[in-house]
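Down below is the structure, laid out as structure tokens.
Atoms within each ligand, like the ligands themselves, are counted from 1 in listed order. Computed over heavy atoms, backbone and side chain alike; hydrogens, waters and symmetry mates excluded. Keep in mind that this is a model prediction, so the values were computed, not measured.
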Amino acid sequence: MVCSRVKLLDGKNILVTGVANRWSIASGIAHQLHDHGARLAFIYQGERVKGEVEKLAAELGGGPAIECDVSSDQALRALNDQVGKDFGKLDGVVHSIAFANKEDLMGKVYDTSRAGFSSTLDISAYSLIALVQALRETLNDRASIVALTYLGATAIVPNYNLMGIAKAALEASIRYLAFDLGERGIRVNAISAGPIKTASARQVKGFSLMLDKVGQAAPLRRNITAEDVGKTAVYLMSDLSDAVTADVHFVDAGYHAMGMYPDKSDALET
Ligand code: NAP
């Protein structure tokens, strides 16, 4: 719920990707965008999540839920046609998509297969470029694009492995797309979220331990929620962030800034 009457996204049309269920970060983002007055359209990958996404779309304003596998150029072209027909021009896109085989989220990076590398990079990083390519004429000038990334892009997080490599490519893509689209005033940023228990996150070996560690060690001494991410997405989608682009913004209770991690038994704990 919005506390004040100020709605930062009135009149903005935003496409949200990556809702699989109510625990998805994209669901938390969608709720916040809706609370701030945005009209929302959604994509889903297949029949398995269709019902869930349609339910959320109906709950949050009744916008379209469109089937689209982002690894298919044909599906992306069809998405662009359907968005134009059923929804209108876009003021924002949320990219909240990632995929890796479970075996590539444990063990040794040098065991990664060529096929695993290729599909993970395709779905988790290239899909942002592909979305922009397909939707570029449907994006309004001064639109905002926000993608989800993680600390494992720039620092070693054991077991995050191949997804860290994909997130590094995603973050670099954000910067280059920001340059390409900047002449139209279109902004491209990433939110680097702290760990949140979702279907994708649970694929990473030892995820629950990561969650515990971050909750204890972060400056704010807590984990974050999809709602926290959603609030930052509202800012990045809104005109308040008019001059912010090519940036990776951390929503992780400050964990990324820690250089040492005292625990309760340490003399370092104050
Ligand atoms: P999630 O609920 O499992 O969301 C991932 C979404 O990606 C799902 O909706 C999935 O759809 C979709 N997807 C995968 N392949 C696709 C394809 N080919 N076409 C279209 N959609 C596809 O997990 P999440 O944690 O919210 O992840 C959202 C984003 O946040 C990801 O980029 C993730 O890396 C990032 N992130 C997560 C965390 C965390 O701790 N949870 C932290 C930082 C960043 P299906 O379910 O139908 O496959």
Query raised in the report: Should Ile97 be counted as touching ligand 1, given the test is an N or O pair under 3.5 Å?
Result: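 In this structure, Ile97 places an N or O atom under 3.5 Å from an N or O of ligand 1.
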Heavy-atom nearest neighbour in the protein, as seen from [atom], with distance rounded to 0.1 Å:
atom: atom 4 (O) of ligand 1; answer: Gly18 O, 3.5 Å
atom: atom 18 (N) of ligand 1; answer: Asp69 OD1, 2.8 Å
atom: atom 16 (C) of ligand 1; answer: Gln45 NE2, 3.5 Å
atom: atom 20 (C) of ligand 1; answer: Cys68 O, 3.5 Å
atom: atom 23 (O) of ligand 1; answer: Ser200 OG, 3.1 Å
atom: atom 41 (N) of ligand 1; answer: Ile196 O, 2.9 Å
atom: atom 2 (O) of ligand 1; answer: Ser24 OG, 2.6 Å
atom: atom 19 (N) of ligand 1; answer: Val70 N, 3.0 Å

Requested in this report: Working to the nearest 0.5 Å, report the span between CD of Glu227 and CG of Asp35.
Outcome: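 Those atoms lie 8.5 Å apart.
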Query raised in the report: Out of curiosity, Ile66 CD1 to Phe87 CZ, how far, rounded to the nearest 0.5 Å?
Result: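 Ile66 CD1 to Phe87 CZ: 8.5 Å, rounded to 0.5 Å.
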Which of the ligand 1 atoms, numbered from 1, are nearer than 4.0 Å to a heavy atom of [X]:
X: Tyr150; result: 43 (C)
X: Ile123; result: 15 (N), 16 (C), 18 (N)
X: Pro195; result: 40 (O)
X: Val49; result: 47 (O)

Pick from [options]: the one approaching [atom] most closely through a non-hydrogen atom:
atom: atom 45 (P) of ligand 1; options: Lys50, Arg48, Glu52; value: Arg48
atom: atom 27 (O) of ligand 1; options: Ala20, Ser96, Ala193, Ser27; value: Ser96
atom: atom 35 (C) of ligand 1; options: Leu170, Leu148, Val204, Thr198; value: Leu148

Do NZ/NE/NH1/NH2 and the carboxylate oxygens of [X] and [Y] come within less than 4.0 Å?
X: Lys12; Y: Asp239; value: yes
X: Asp242; Y: Arg142; value: yes
X: Glu171; Y: Lys167; value: no
X: Asp252; Y: Arg222; value: no

Query raised in the report: Are any non-hydrogen side-chain atoms of Thr120 and Asn101 less than 4.5 angstrom apart?
Result: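 Side chain of Thr120 against side chain of Asn101, heavy atoms only: no contact under 4.5 Å found.
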Query raised in the report: Does Asn161 use its side chain to pair, donor to acceptor, with the backbone of Met106 at less than 3.5 Å?
Result: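 Flag set: sc Asn161 to bb Met106 pair under 3.5 Å.
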Any side-chain donor near an acceptor of the partner, [X] and [Y], under 3.5 Å:
X: Asn80; Y: Thr138; value: yes
X: Asp228; Y: Thr225; value: yes
X: Asp91; Y: Asn140; value: yes
X: Ser238; Y: His36; value: no

Location of contacts on [X] toward ligand 1, heavy atoms closer than 4.0 Å:
X: Ser192; value: neither
X: Thr149; value: backbone
X: Val19; value: backbone
X: Lys167; value: side chain
X: Ile25; value: both

Query raised in the report: If you measure from each heavy atom of Gly46 to ligand 1, is any distance below 4.0 Å?
Result: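 In this structure, Gly46 fails to qualify as a contact of ligand 1 - no heavy atom is under 4.0 Å.
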Report task. Could you tell me if any non-hydrogen atom of Gly194 lies under 4.0 Å from any atom of ligand 1? Result ->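 True for this residue.
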Query raised in the report: Is atom 10 (C) of ligand 1 less than 4.0 angstrom from some protein heavy atom?
Result: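 So atom 10 (C) of ligand 1 lacks protein heavy-atom neighbours under 4.0 Å.
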Query raised in the report: Applying the side chain to side chain contact (heavy atoms under 4.5 Å, CB included) test to Thr232, which of Val146, Val251, Ile29 qualifies?
Result: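 Considering Val146, Val251, Ile29, a side chain to side chain contact (heavy atoms under 4.5 Å, CB included) with Thr232 is found only for Val251.
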Requested in this report: Could you walk me through whether Leu33 and Val234 pass the side chain to side chain contact (heavy atoms under 4.5 Å, CB included) test, one step at a time?
Outcome: CA-CA 6 Å; Leu33 300 179; Val234 168; 4.1 Å; yes
